[in-house]
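Letters A, B, ... mirror the listed sequences (proteins, then strands); counts begin at 1.
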Amino acid sequence: MDLAEKLNILSAAAKYDVSCSSSGSNRKNKPGGVGNASASGICHSWSQDGRCISLLKILQTNFCVYDCAYCVNRASNDLPRAAFTPEEVADLTINFYRRNYIEGLFLSSAVWPNPNQTMEALLRTVKLLRTQYRFNGYLHVKAIPGADWRLIAETGTLVDRMSVNIELPTSESLQLLAPQKKRENILQPMKLIGSQIVESQEERKQSRKAPAFVPAGQSTQLIVGATADTDLRILQLSESLYRRVHLKRVYYSAYVPVSTNPKLPTLASPPLNREHRLYQADWLLRFYGFEAKELLNEASPNFHLQLDPKSDWALRNLHLFPLEVNKVDYRFLLRVPGIGVKSAQRILTARRFHSLDFEDLQKLGVVMKRARYFLTCKGKYFGQIPYREETIKEKLLAKPTKVENYTQLALFSDVEDQQPVQDALTSITGEL
Amino acid sequence: MIIYLYDGSFEGLLTAIYEAYYRSEKPEQIMAQQSYQPDLFSQPRVIATDSDKAGKVYDAIERKISHEALEHVFYVYLSELPGVGTLIYRYLQFGWRVGADINGHLSLEPVREVLRISQKVGVERHRMLGLLRFKKIQGELYYAPFEPDYNIVGLMAPHFARRLADQNWIIHDLKRGVAAFYNQERWLIRELAGTGQLNWEENEAFYQELWQNYFQRIAVEGRTNRKVQRQFMPARYWHHLIEKPTQ
């Protein structure tokens with residue numbers, strides 16, 4: 001089988017992995033070497049589904065011993081199989097990299113014939129790139145659950161990011177859809193990688209020469225909508241991963257039907273809106289100081305699809321608002337719907353020099369459509385409607401997304417109001 | 001209305017700012033000579049570029065205002081947008097008064113405008129670091145043509161000099177006829193109008209085809225979203241890409 005055909009098979013097999021981030025590492029190039037990592041990450045293209053292409057995302061092989069119902073590469077699925085040699089992967093990576101197509105390599109693998117041999121193959125490829133090809137660009141490699149820790153640890157010293165995909169948030173769903181896998185086996189390498197990262201960061205504080213271990217951190221992925229798990233359950237899991245295992249990112253992937261297994265739901269289209277809400281909430285956990293239990297509870301365990309999680313929270317806590325924009329401190333500023341990290345920082349800078357008006361806020365990038373109901377400027381409230389949950393909620397509710405892609409425009413209709421363009425955008429970037 | 005005209009270079013612009021400070025005849029506008037249209041009311045004054053004077057302004061911005069302000073001024077200059085000469089003049093006039101705090105005064109139009117334009121130039125630079133495509137020419141040389149909105153080739157060269165340190169490359173701004181040349185040791189910028197016929201390395205077509213196929217395969221069909229794709233990667237940049245997004 002020639003290289004082109006292998007690339008076709010093994011890239012199509014890898015596309016359901018969401019992660020493509022190339023940020024968080026500032027690996028330097030070495031004399032005689034090629035490549036470096038950019039701390040901010042660089043996107044090199046955007047595919048037809050609007051997702052950023054930053055890394056060459058491929059599987060080492062798609063031969064698999066597992067038969068997980070949700071996975072396109074499951075053993076019982078009849079599709080062409082292939083395997084790369086380490087040399088082939090290295091050659092592709094280097095040649096794409098030298099032409100500036102990519103920022104680095106995201107190498108994953110199906111498990112064949114057992115976890116150890118799979119992990120060994122990944123390690124061989126990574127080693128070849130780093131030593132023989134003197135490649136110093138970004139590498140993201142999967143840790144294979146069940147593989148010997150020494151193999152995973154050695155890989156960790158060579159790459160920028162590692163990830164283990166949890167995929168299904170609870171043991172029950174795992175039992176239902178992937179009975180060959182054990183939750184403990186998945187979580188164990190994550191914990192080990194997490195503590196090794198913390199340890200190496202400590203060592204590097206003492207000595208700059210101490211070797212780096214997975215400098216861009218660890219990530220994972222959860223599938224949304226393949227099982228009955230609630231948003232609350234998923235968000236709590238993410239929260240504990242961030243707090244206890246020091247994960248850098250949790251990715252959420254709306255389930256795209258790849259099988260007609262009766263254990264799986266039949267969906268007309270992937271639950272993209274739900275995935276979007278989870279990303280918004282994820283950002284609230286990491287950058288806005290929220291906790292999962294503030295956003296959701298057992299009584300309402302799923303996100304409102306027409307209302308973003310922060311607005312939803314603010315409406316339930318109207319007694320904390322409205323806040324005076326010229327006085328309130330950063331922590332609370334971040335909790336105002338329509339104010340993001342950047343605009344909150346701009347507000348802090350700007351108000352050192354003069355006190356802010358309603359018009360100033362607009363220029364600073366605050367989304368007044370939402371923020372106006374929760375703020376006062378110099379003591380004045382600009383909401384222009386009674387300060388009650390129902391009235392504000394009515395204003396904030398996004399119009400349901402239209403099924404048709406045309407609309408009859410009325411002479412005085414507000415076009416901007418009708419299309420949640422921003423939603424479509426942020427569902428990809430995950431940024432609020 | 002007094003208008004100072006400079007030769008279009010950054011040094012020229014800084015010289016004009018120097019003169020505006022010391023001459024009694026204060027300008028209302030500062031613009032590049034090429035973009036000046038004579039009219040009934042304007043009184044043009046041609047400013048001769050003087051690297052000593054320019055150097056003084058350069059140091060003064062860094063010392064009396066901030067390094068950050070200097071960077072913003074340079075980025076705004078590179079945008080080549082109409083009116084940026086005057087804008088930079090107004091920004092600095094205010095900067096001499098308030099010093100390092102200048103960028104906190106977001107309520108002032110020139111400050112906001114400088115930050116906005118500087119950000120746009122920075123965004124395009126970052127975008128092109130990803131979207132630039134090299135093709136391999138016979139004789140171990142990589143060639144990347146592009147047509148950016150702003151004059152950013154000099155902002156991109158250091159990045160590729162670090163990253164692709166062990167290859168020879170040329171980054172060619174076709175729109176402005178300038179290019180950055182790198183020979184595995186250092187880079188420099190020279191004028192380069194055209195290239196004539198280029199002979200591609202024999203493997204070039206093979207890797208281009210692999211990349212095109214990869215680009216098609218990596219999209220998830222159920223999630224097609226052309227709108228977002230175009231938002232991040234505007235169609236005006238597609239011409240020089242190897243991959244072919246469909247309209």
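- Of the possible polar contacts, one joining the A:D49 side chain to the B:V220 backbone as a donor-acceptor pair under 3.5 Å is found.
- Looking at heavy atoms from C-beta onward, A:E275 lies in side-chain contact with B:R223 at the 4.5 angstrom threshold.
- Of the possible polar contacts, one joining the A:N29 side chain to the B:R162 backbone as a donor-acceptor pair under 3.5 Å is found.
- Residue B:Y207 touches chain A through both its backbone and its side chain, counting heavy-atom pairs closer than 4.5 Å.
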A:K363 and B:R116: CA distance, side-chain angles, deciding distance, side chain to side chain contact (heavy atoms under 4.5 Å, CB included) verdict: CA-CA 11 Å; A:K363 291 175 193 156; B:R116 188 181 67 84; over 6 Å; no
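- Ring geometry, B:H105 versus A:F353: the interplanar angle falls from 30° to 60°, so the pair is classed tilted.
- Using a 4.5 Å heavy-atom threshold, the side chains of A:H44 and B:L131 count as separate.
- Side-chain atoms of A:N36 and B:R163 form a donor-acceptor pair, as typed in the model, at a separation below 3.5 Å.
- The CD1 atom of B:I242 sits 11.0 Å away from the OG atom of A:S45 when rounded to the nearest 0.5 Å.
- Checking side-chain atoms of A:N100 against main-chain N and O of B:L132 turns up a donor-acceptor pair under 3.5 Å.
- Checked for salt-bridge contact, B:D166 and A:R98 meet the test: a charged N lies under 4.0 Å from a carboxylate O.
- The closest side-chain heavy-atom distance from B:H126 to A:S40 is below 4.5 Å.
- Remark: A:R99 CZ to B:Q167 CD distance equals 9.0 Å, nearest 0.5 Å.
- Heavy atoms of B:Q208 lying under 4.5 Å from chain A belong to its backbone as well as its side chain.
- Counting heavy-atom pairs closer than 4.5 Å to chain B, the top-ranked of the candidates A:G33, A:S269, A:G32, A:A14 is A:G33.
- B:I218 is listed as a side-chain neighbour of A:I53, based on a closest heavy-atom distance under 4.5 Å.
- Here the CZ atom belonging to B:R217 is positioned 8.0 Å from the CD1 atom belonging to A:I9, to the nearest 0.5 angstrom.
- Using a 4.5 Å heavy-atom threshold, the side chains of A:I42 and B:H159 count as touching.
- Only the side chain of B:F206 comes within less than 4.5 Å of a heavy atom of chain A; its backbone N, CA, C and O stay farther away.
- Heavy atoms of B:Q216 lying under 4.5 Å from chain A belong exclusively to its side chain.
- Expressed to the nearest 0.5 Å, how far OH of B:Y214 lies from CG of A:L10 amounts to 11.5 Å.
- Using a 4.5 Å cut-off between heavy atoms, B:L106 contacts chain A through its side chain alone, with no backbone atom that close.
- A donor-acceptor pair under 3.5 Å is absent between the side-chain atoms of A:Y101 and the main chain of B:E243, judged by distance alone.
- Side-chain contact annotation: B:Q229 with A:S47, donor-acceptor N/O pair under 3.5 Å absent.
- A:W46 pairs in a ring-ring contact (aromatic ring centres under 6.0 Å, His included) with only one of the listed residues (B:F232, B:Y237, B:W238), which is B:F232.
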